[in-house]
A.B. asks: 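One structure coming up, written as structure tokens, with questions to follow.
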Amino acid sequence: MDLGVTLLTGIALYLLVQFVCFIFADADLTLLWATLFGSKPETKLKGLVVWVTGASSGIGEELAYQLAGCGSRLILSARRVDQLDRVKLHCLERSNLKDKDILVLPLDLLERASHEAKMKTAIRHFGNIDILVNSGGRSQRSLCLETSVDVYQALMELNFLGTVSLTKQVLPHMTQRGSGSVVTVSSVVGLAGAPLATGYSASKHALQGFFNSLRTELTEYPRILISTVCPGPVQSQIVQNAFTEEVGKAIPTAGDQQHKMVTSRCVRLILVGIANGTKEMWIAQQPFLLFYYVWQYAPTWAWFITDVLGRKRVQNFKAGLRILQNEKILPWKRRRRT
């Protein structure tokens, strides 16, 4: 009897500790375990050649800085050469890397015909590519009923097909060597849908399906890691650059980002996941992380929560649009009165 009581007490304490830890968690428990007891990025990633797309801003930019701090040699890609040069300069200032250790390689994910040549340029410079981090892409903030099909096509062309195209260029190099990592920044909306992001969510769901299937095709290459990263809200410029209801129409306002996870913490967790061979990473502050788990293990409850929160978000979005429209109309009326 005493043994049974002791066992139950031990289990209860264990569950209590896990519960308290989960309250303050900002990533899935597997990833947090790796941060405490796993390999350190500074050890595992030092000297490796890492190709980062979307490196001119947001998560991609922060990845470049932290990878440089780990001693990784870098290939920095995005469309804006001036911003890539800026990121390279900061990488050199924050690390012991030399100029030859960082290759600025301008890349447009939409120009898929150029991806083979870009890959060959990277190979010529460094001799190999150890890790490809697919971080490039754009988000969306618009209602489905008001969104042009052209926006959906642009999102799929950029976020999905552009990423797949570059991956297909790099992957044969990795299979020939028998090792490498392909790490793709997806999103929480790649696991669960979200209002105002139907096209963005679709592109991220497509990435999840593609890389989950690809992982099973590569089981004969146990040293090749296929990893997807599912961040929740993170402070970055992805909102400012989001698609709206028409291609080329800028988003009116990005809103406050102070409630979101800081980019540096998100990237640190990503690097820990890469260093420890994590196949899927959930990265988010509470209550977003809790929603991940509810969606995974109690989908009926998740649908209920999604409906309630989604309705509120759509209402707020519509109210915000009405305010902006009034701000544009009222000055015009005042001018007419004068």
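Everything quoted here is computed from the prediction, not taken from an experiment.
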A.B. asks: Could you tell me whether the side chains of Ser95 and Tyr65 share a donor-acceptor contact shorter than 3.5 Å?
C.D. replies: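 The criterion, which ignores hydrogens and geometry beyond distance, is not satisfied for Tyr65 and Ser95.
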A.B. asks: What class does the angle between the rings of Phe37 and Trp33 fall in, given that below 30° is parallel, 30 to 60° is tilted and above 60° is perpendicular?
C.D. replies: tilted
A.B. asks: Are side-chain heavy atoms of Trp51 and Leu166 found at a separation under 4.5 Å?
C.D. replies: yes
A.B. asks: Is the shortest side-chain N to carboxylate O distance from Glu146 to Arg141 below 4.0 Å?
C.D. replies: no
A.B. asks: Report yes if the side chains of Ile75 and Thr121 come closer than 4.5 Å at any heavy-atom pair, otherwise no.
C.D. replies: no
A.B. asks: Does any pair with a residue in residues 164-174 pass side chain to side chain donor-acceptor pair (under 3.5 Å), and if so which ones, sequence neighbours excluded?
C.D. replies: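 Listed by first then second residue: His115-Ser165, Asn134-Thr167.
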A.B. asks: Work out which heavy atom in Ser56 is nearest to a heavy atom in Gln83; give both atom names and the distance.
C.D. replies: CB-CB, 3.7 Å
A.B. asks: Which heavy atom in Ser39 sits nearest to a heavy atom in Asn276, and how many Å separate them?
C.D. replies: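 Taking every non-hydrogen atom into account, N-OD1, 2.7 Å.
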A.B. asks: May I ask you to decide if Asn241's main-chain N or O and Arg138's side chain share a donor-acceptor pair within less than 3.5 Å?
C.D. replies: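 At least one qualifying donor-acceptor pair exists.
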A.B. asks: Strictly distance-based, threshold 3.5 Å: is any side-chain N or O of Gln140 a donor or acceptor partner for the main-chain N or O of Tyr200?
C.D. replies: yes
A.B. asks: Going by side chain to side chain contact (heavy atoms under 4.5 Å, CB included), Ile131 matches just one of Val49, Leu48, Leu67, Val52. Which one?
C.D. replies: Leu48
A.B. asks: List the atom of Leu74, the atom of Cys91, and the distance in Å for their closest heavy-atom pair.
C.D. replies: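 Smallest interatomic distance, heavy atoms only, reads CD1-SG, 4.0 Å.
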A.B. asks: Within a strict 4.5 Å, meaning less than it, do heavy atoms of the Lys260 and Val234 side chains meet?
C.D. replies: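 Contact flag for Lys260/Val234 side chains = no.
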A.B. asks: State whether the number of non-hydrogen atoms from other residues, nucleotides or ligands found under 6.0 Å of Asp82 atom CG is greater than 12.
C.D. replies: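 Count over threshold, so yes.
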A.B. asks: Which pair of non-hydrogen atoms, one from Leu45 and one from Ser72, has the smallest distance, and what is that distance?
C.D. replies: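 For Leu45 versus Ser72, the nearest heavy atoms are O-OG, 2.8 Å.
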A.B. asks: Which residue is it: Thr30, Asp28, Ile226, Leu191? I am looking for the one with a side chain to side chain contact (heavy atoms under 4.5 Å, CB included) to Glu280.
C.D. replies: Leu191
A.B. asks: Testing the basics here: between Leu269 and Leu31, what is the closest heavy-atom pair and its distance to 0.1 Å?
C.D. replies: O-CD1, 3.6 Å
A.B. asks: Any chance CZ of Arg223 has more than 12 other-residue heavy atoms, nucleotides or ligands included, within less than 6.0 Å?
C.D. replies: no
A.B. asks: Would you check if the side chain of Ser186 reaches a backbone N or O of Gln208 as a donor-acceptor pair within less than 3.5 Å?
C.D. replies: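 Checked: no pair found.
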A.B. asks: Is a side-chain donor or acceptor of Thr53 paired with a backbone partner of Ser77 at a separation under 3.5 angstrom?
C.D. replies: no
A.B. asks: Compute the centroid of each ring, for Trp295 and then for Trp303, and state whether the two points are separated by less than 6.0 Å.
C.D. replies: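 Ring centroids of Trp295 and Trp303 are less than 6.0 Å from each other.
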A.B. asks: Check this for me: does any side-chain nitrogen of one of Arg86 and Glu61 sit under 4.0 Å from a carboxylate oxygen of the other?
C.D. replies: yes
